[in-house]
Amino acid sequence: MNKLNEIHELLKDVESGRLITRKESVELLKLPENSIEAAHLCSVANIVTRKRFNNKALMLGQIGIDMEPCDGDCAFCFFAKSFTKIKPSMLEFDEIKSRCDGFIAGGAAGVFLMTMHRFGFDWFRDMCHSLKQSLPKDFMILANVGDISIEQIKELKEAGVSGAYHVCRLKEGIDSCMKPSGRIKTIEKIIEAGMDWYTQCEPIGPEHTPEELADQIWLGVDMPCVQHGAQQRFPVPGSPLYSKGIISLARLSQIVAVIALATQNNKNQKSVSVNVSNVVALLSGANAFFPEAGEPLKEEYQENSHEAADGFTTALWRQSNEITTADCRYMIESAGFSGYVKY
Ligand code: SF4
């Protein structure tokens, strides 16, 4: 039996519930993205995810609430202090609330509030508390912030933040100014504090090897996350990693598929995410998107949605229009999902 036949045999077993090992994940990540074996992988992950999550999808909005040249200085990031042209700014509470209302109107289950690596903790905690009081109880407030202490995580939990996104990035400490150990410690504290941990394999570029991807994916296999997924790195003009380019949606979906199969027995997990939102990944094991804007509620918000003069979403990096809940719903429905995951 040749190696490619072995891949097909493995995928047949996996479809029946067998978990893949880290070593097998490396073999699956080595497959050429447009091969018949990669297509088989994506198809099995699609079947597994639909069964696992009862054919339900999930949308979690994202709002960047402050921005400034960031000390994290990541070599891929729009905000890295070495090369960003961004001016410091911060969203007002009413604007954050209004954007959350838009996400709720569009069917999102919660929102990630994103900051720079360093941020005003007391302001953030108090703002989360006020936001939680002013929004429907079941709408989740989630944090995507820098490394913080366990006491601070507990304070956020008290304030109504139910989960946090955190990741030890690919090439952390090489392409960033942060240490992998510090990032992993924060993840451990999130879990220890009883907060839901959201993660992804990111930011994926064409230069990352199957072994590097598998190492990073396995953090979310070994530690209990409520969401795992994959994120493509957008090449920011002027950043040191710009010339490395971007992975294709086929490659991104192949990585999503491996994540869906590697985590299929993780009982805590409610979704497999992908960023950037796209239909190919929804047919390859992903069931969760991060819309960048909710339903347009106000005329001025519609007019200014792509300018992002205050606050930010990842649309600012792409210098394009924000992906709305309506865009996401269209893709989710087109991919044949029949409803939304309940928390
Ligand atoms: S990725 Fe985060 S930590 Fe790194 S420079 Fe950008 S905002 Fe800062």
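One-based numbering, in listed order, for ligands and for the atoms of each.
Of all the heavy atoms of Lys81, none lies under 4.0 Å from any atom of ligand 1, so neither backbone nor side chain is involved. In Asp71, neither the side chain nor the backbone holds a heavy atom less than 4.0 Å from any atom of ligand 1. When non-hydrogen atoms are compared, ligand 1 lies under 4.0 Å from the side chain of Arg169 (C-beta onward) but not from its backbone.
Judged by the 6.0 Å distance and 45° axis criteria, Lys270 is positioned over the aromatic ring of Tyr343.
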Applying side chain to side chain donor-acceptor pair (under 3.5 Å), run through Arg52 and Gln269 and close with a yes or a no. CA-CA 10 Å; Arg52 182 182 181 191; Gln269 205 175 321; 3.3 Å; yes
May I have the step-by-step check of side chain to side chain donor-acceptor pair (under 3.5 Å) for Thr115 and Asp66, ending in yes or no? CA-CA 6 Å; Thr115 69; Asp66 73 337; 4.7 Å; no
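Residue contact annotation: Cys70 places an N/O/S atom under 2.8 Å from atom 8 (Fe) of ligand 1. Taking backbone and side chain together, Cys74 holds no N, O or S atom under 2.8 Å from atom 6 (Fe) of ligand 1.
In this structure, the ring pair (Phe, Tyr, Trp, His ring centres under 6.0 Å) partners of Phe119, at least two apart in sequence or on a different chain, are Phe124. Glu68 meets the salt bridge (Lys or Arg N to Asp or Glu O under 4.0 Å) test with no other residue; sequence neighbours excluded.
The closest approach between any non-hydrogen atom of Met178 and ligand 1 is below 4.0 Å.
The salt bridge (charged side-chain N to carboxylate O under 4.0 Å, His left out) test with Lys3 singles out one residue from Glu9, Glu24, Glu27, and that residue is Glu27.
Of all atoms in ligand 1, numbered sequentially from 1 with element shown, those under 4.0 Å from a heavy atom of His117 are 3 (S). Every atom of ligand 1 with a heavy atom of Asp73 under 4.0 Å away is listed here by number and element: 5 (S).
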